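Inspection log for the structure reproduced underneath, given as structure tokens.
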Amino acid sequence: MKEKNPSPDIRPATRTLLVECATTGVILLFVVSLCVLFEYFAPIASEGVLELTYSEGMTLVVDKGRLVNSLVPAFLSPALTLGLLSFFRPSGLRPEIGTRGRQLLFLSILSLFGVLAYVVLTIVLGGFGLPVLAVSPVTSLLVQVYVFLLYKLYMEGRYRSNALFWEIFRFAIVGLVAAVFDFLFCYLVQFLAFGGRTDWYVTLLSTACGFLVGVVINYVLSTYMVYRNAKTKTSRTAKGILLFFLLSVLGLLIGMGLQYLLYDYLFLQAKVSFLSYPVDFVIRTLVVMVFNYVTRKLFVYR
């Protein structure tokens, strides 16, 4: 993937873009095919169903055997993809693992989110009754593309790149990590601690808990991973930290407003059925992520 304004220490590819794309495409399609074949032909033990509540009065019914069956490709496919990319080296660059394997460690940890995504997508798409041949190719392809970008980011040094694409991708990863913890704490508070109650203070408390955990993770990762090439050091000063927090609070207020509008009002009161809790969460997360990226870029990480 060529860059118009790469950092000086970014190694240029030794193979043409066409060769890199073709080699990468073959690798990804090979791994996707293995995932599909395994999930389709591997025996699925009949272990009953798992019911997951994702909104008031709404549940996903997931076949436990099918879910267990997806765990094998979920864990093995990212490892296989990384292994093939390291062996065939589509760009021609030798993978760099960093000092004491630091880059490899980051790559391995973030690849686990690919495993999580594989399982979650299997649960969601399978829970709506879609067949394996429809779910598996989409799920595995999305995960393999994510793993490929992680490989470029860490094994080929794009974490140092000033290019807008890689900065946005790093921001998206940070947003993903923070969103997972945000959603986890929101869910635990609203659906477990309060049994799915929809009182305004429950929504307020659950959203705030997710925010507090997410903002700490976001600040650390944004400072040392996303905007590491920022020209100023404002973010590492008391003023920068305060500004980061205030902008995050404003983002929180936007998220809370969307939460109330989409879930409490439109879904629960106006009965707009497609605006269930996960859909609401995705919409408000995307809106707040765009707001956070623009404001942090302009005011904190200049």
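Residue numbers start at 1 and run along the sequence shown. Being a predicted model, the structure only gives us computed values, none of them experimental.
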**Q.** Candidate pair Leu164 and Ile168, rule side-chain contact (heavy atoms from CB on, under 4.5 Å), full reasoning
**A.** CA-CA 6 Å; Leu164 182 62; Ile168 292 177; 3.7 Å; yes
**Q.** Glu39 side chain to Ser70 side chain, donor-acceptor N/O pair below 3.5 angstrom
**A.** no
(Q) Quick check: is Val26 connected to Tyr146 through a chain of hydrophobic side chains (ILVMFWY, heavy atoms under 4.5 Å apart)? (A) no
Q: Tell me who clusters with Val138, hydrophobic residues only, linked when side chains sit under 4.5 Å apart either directly or through other members.
A: Leu121, Leu142
Q: Begin with the C-alpha distance, continue with both residues' side-chain angles, and end with the deciding distance and a verdict on side-chain contact (heavy atoms from CB on, under 4.5 Å) for Ser248 and Tyr219.
A: CA-CA 10 Å; Ser248 298; Tyr219 171 76; over 6 Å; no
Q: Answer with yes or no whether the hydrophobic clustering places Leu253 together with Leu286; edges join I, L, V, M, F, W, Y residues whose side-chain heavy atoms lie under 4.5 Å apart.
A: no
Q: Take atom CZ of Phe181 as the centre, draw a 6.0 Å sphere, and report whether it contains more than 12 heavy atoms from other residues, nucleotides or ligands.
A: no
Q: Decide yes or no on side chain to side chain donor-acceptor pair (under 3.5 Å) for Ser77 and Gln144, but give the supporting numbers first.
A: CA-CA 8 Å; Ser77 59; Gln144 302 327 309; 3.2 Å; yes
**Q.** Shortest non-hydrogen separation from Val300 to Gly240 and the atoms involved
**A.** CG1-O, 4.2 Å
**Q.** Contact summary for Ile97 and Met155, nearest pair of heavy atoms
**A.** CA-CE, 4.2 Å
Q) Hey, mind stepping through Ser91 and Glu20 against side chain to side chain donor-acceptor pair (under 3.5 Å) and telling me if it holds? A) CA-CA 5 Å; Ser91 65; Glu20 181 179 3; 4.6 Å; no
Q) Any Lys/Arg nitrogen of Glu96 or Arg89 sitting under 4.0 Å from an Asp/Glu carboxylate oxygen of the other? A) no
Q: Starting from the C-alpha separation in whole Å, work towards a yes-or-no answer on side-chain contact (heavy atoms from CB on, under 4.5 Å) for Arg296 and Ser222.
A: CA-CA 9 Å; Arg296 290 171 189 175; Ser222 293; 3.9 Å; yes
Q.
Checking ring-ring contact (aromatic ring centres under 6.0 Å, His included) between Phe171 and each of Trp166, Tyr293, Tyr301, Phe165, which is the one that passes?
A. Tyr293
